[in-house]
Amino acid sequence: MATNPTFQLFSSSNDNSSNGSSLGLGFLDSPEPPRPLPPPPVEVLSSEHVSSSVKFAVEKVAIGELTLLKGRVNTKDVFGLPNSDLVPGVYEGGLKLWEGSIDLVKILEKEVHNGNLPFSGKRVLELGCGHGLPGIYSCLKNADAVHFQDFNAEVLRCLTIPNLNANLSEKSASASTSGSSEVRFFSGDWSAVHQLLPHINDGENNINGGKASGYDIILMAETIYSISGQQSLYGLIKKCLACPNGVVYMAAKKYYFGVGGGTRQFLSMIERDGVLASTLVSEITDGSSNVREVWKLSYK
Ligand SMILES: C[S@@+](CC[C@H](N)C(=O)[O-])C[C@H]1O[C@@H](n2cnc3c(N)ncnc32)[C@H](O)[C@@H]1O
């Protein structure tokens, strides 16, 4: 494990090891090293035990008018790794809160406020969830089902599930309701996790009980940093997105220094494929990182 190169992606939100302002440039445009075999896909149950050596501290995140809760855990406690943004193929960055997930929640809140995005009755999938704040937001807005996916089962167990529980208990304390969404958690590589996901798009003609198969809303933040992962991620989206009305909200940087991915390559791959159309929903140039964007994808 010690031989795996670690990357600092420029840059994440002010979380544990974030120190990206000058890091990562040494890897600029260098070819990605071979990745180890990915872990097999697994469903993680919310009742699964977390080792008592993993300390979870809750803190508030202000997102516009909204406040959500997030945990903080140490990469060393969970993976035995020194603090690093990610170790390709081993740990893919899910323990940090990245700026894109905040951008995404802000946009979702705006879309809900404008009546463009009703969550009620919808099946939501958050890909590369890490902390899972966009998925948690969907639960708070009473989506029918919210399924969370991360590369690492440990991230789901030690962070996503406790985060969801913290936010749902806060909500039930303040509004005397508890979460009504069906929530499930899946770990694994994007090339294989569809084997476990309950809602796969079986084609335009597959309508069950009046509802198209697949997920109505797919959310993802900061998932397209690596060019090598983009193809399998896009393949997974096409397998899972309900046709013809499913939508994807994607928050990402225009360019990821050090690892070479970004919105341009991902969107040009989509354009070449010709199945989905993309619309820019928001561009964020607040100077805290390179340009960030939120895109909406839907069937043509
Ligand atoms: C940079 S983190 C972003 C986490 C979170 N969305 C956020 O914005 O805070 C990238 C996420 O994508 C997931 N991921 C990266 N490559 C993956 C792959 N090949 N298969 C499955 N998940 C992957 C990681 O587990 C991680 O949660």
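FYI, side chains are in, hydrogens and waters are out, and symmetry mates aren't considered; it's all heavy atoms of this structure. These figures come from a predicted structure and were not determined experimentally. Ligands are counted one by one from 1 in listed order, and the atoms in each one are counted from 1 as well.
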Looking at L95, D150, L133, the heavy atom closest to atom 27 (O) of ligand 1 belongs to D150
Would you please determine whether S226 falls within less than 4.0 Å of ligand 1 on a heavy-atom basis?
no
Based purely on interatomic distance, does F151 place a nitrogen or oxygen under 3.5 Å from a nitrogen or oxygen of ligand 1?
yes
Would you say M220 contacts ligand 1, with heavy atoms under 4.0 Å as the rule?
no
What is the ring orientation for H147 with Y215, classed by angle as parallel under 30°, tilted 30 to 60°, or perpendicular over 60°?
perpendicular
Tell me whether N290 contacts the main-chain N or O of Y255 through its side chain, where contact means a donor paired with an acceptor under 3.5 Å.
yes
Is C129 near ligand 1, meaning one of its heavy atoms is under 4.0 Å from it?
yes
Which heavy atom of N152 sits nearest to which heavy atom of S187, and what is that distance?
C-CB, 3.9 Å
For K96, take its heavy atoms, then give the atoms of ligand 1 lying under 4.0 Å from any of them.
9 (O)
Using atom types as modelled and distance alone, determine if a side-chain donor or acceptor of Q231 lies under 3.5 Å from a backbone N or O of S228.
no
Counting N and O atoms only, with roles assigned by atom type, does the side chain of E126 sit under 3.5 Å from a partner on the main chain of I136, one being a donor and the other an acceptor?
no
Atoms of ligand 1 less than 4.0 Å from G93 heavy atoms?
2 (S)
Classify the ring geometry of F185 against F148: parallel below 30°, tilted from 30° to 60°, perpendicular beyond 60°.
parallel
Verify the distance criterion only: is there a donor paired with an acceptor across the side chains of E92 and Y225 at less than 3.5 Å?
yes
Does ligand 1 come near enough to D189 that some N or O of the ligand is less than 3.5 Å from an N or O of the residue?
yes
Test of proximity, L97 against ligand 1: N or O pairs below 3.5 Å
no
Candidates R35, Q230, E222; heavy atom nearest atom 1 (C) of ligand 1 found on E222
Between V146 and L45, is there shared hydrophobic-cluster membership here, with clusters defined by ILVMFWY side-chain heavy atoms closer than 4.5 Å?
no
Using a 4.0 Å cutoff against the non-hydrogen atoms of Q149, which atoms of ligand 1 qualify?
21 (C), 22 (N)
Do we see a donor-acceptor contact under 3.5 Å between the side chains of E154 and Y91?
no
Against heavy atoms of G188, which atoms of ligand 1 measure under 4.0 Å?
20 (N), 21 (C)
Run down the list W190, Y91, W98, F186 and name the one with the heavy atom closest to atom 16 (N) of ligand 1.
W190
N or O pair under 3.5 Å between A221 and ligand 1:
yes
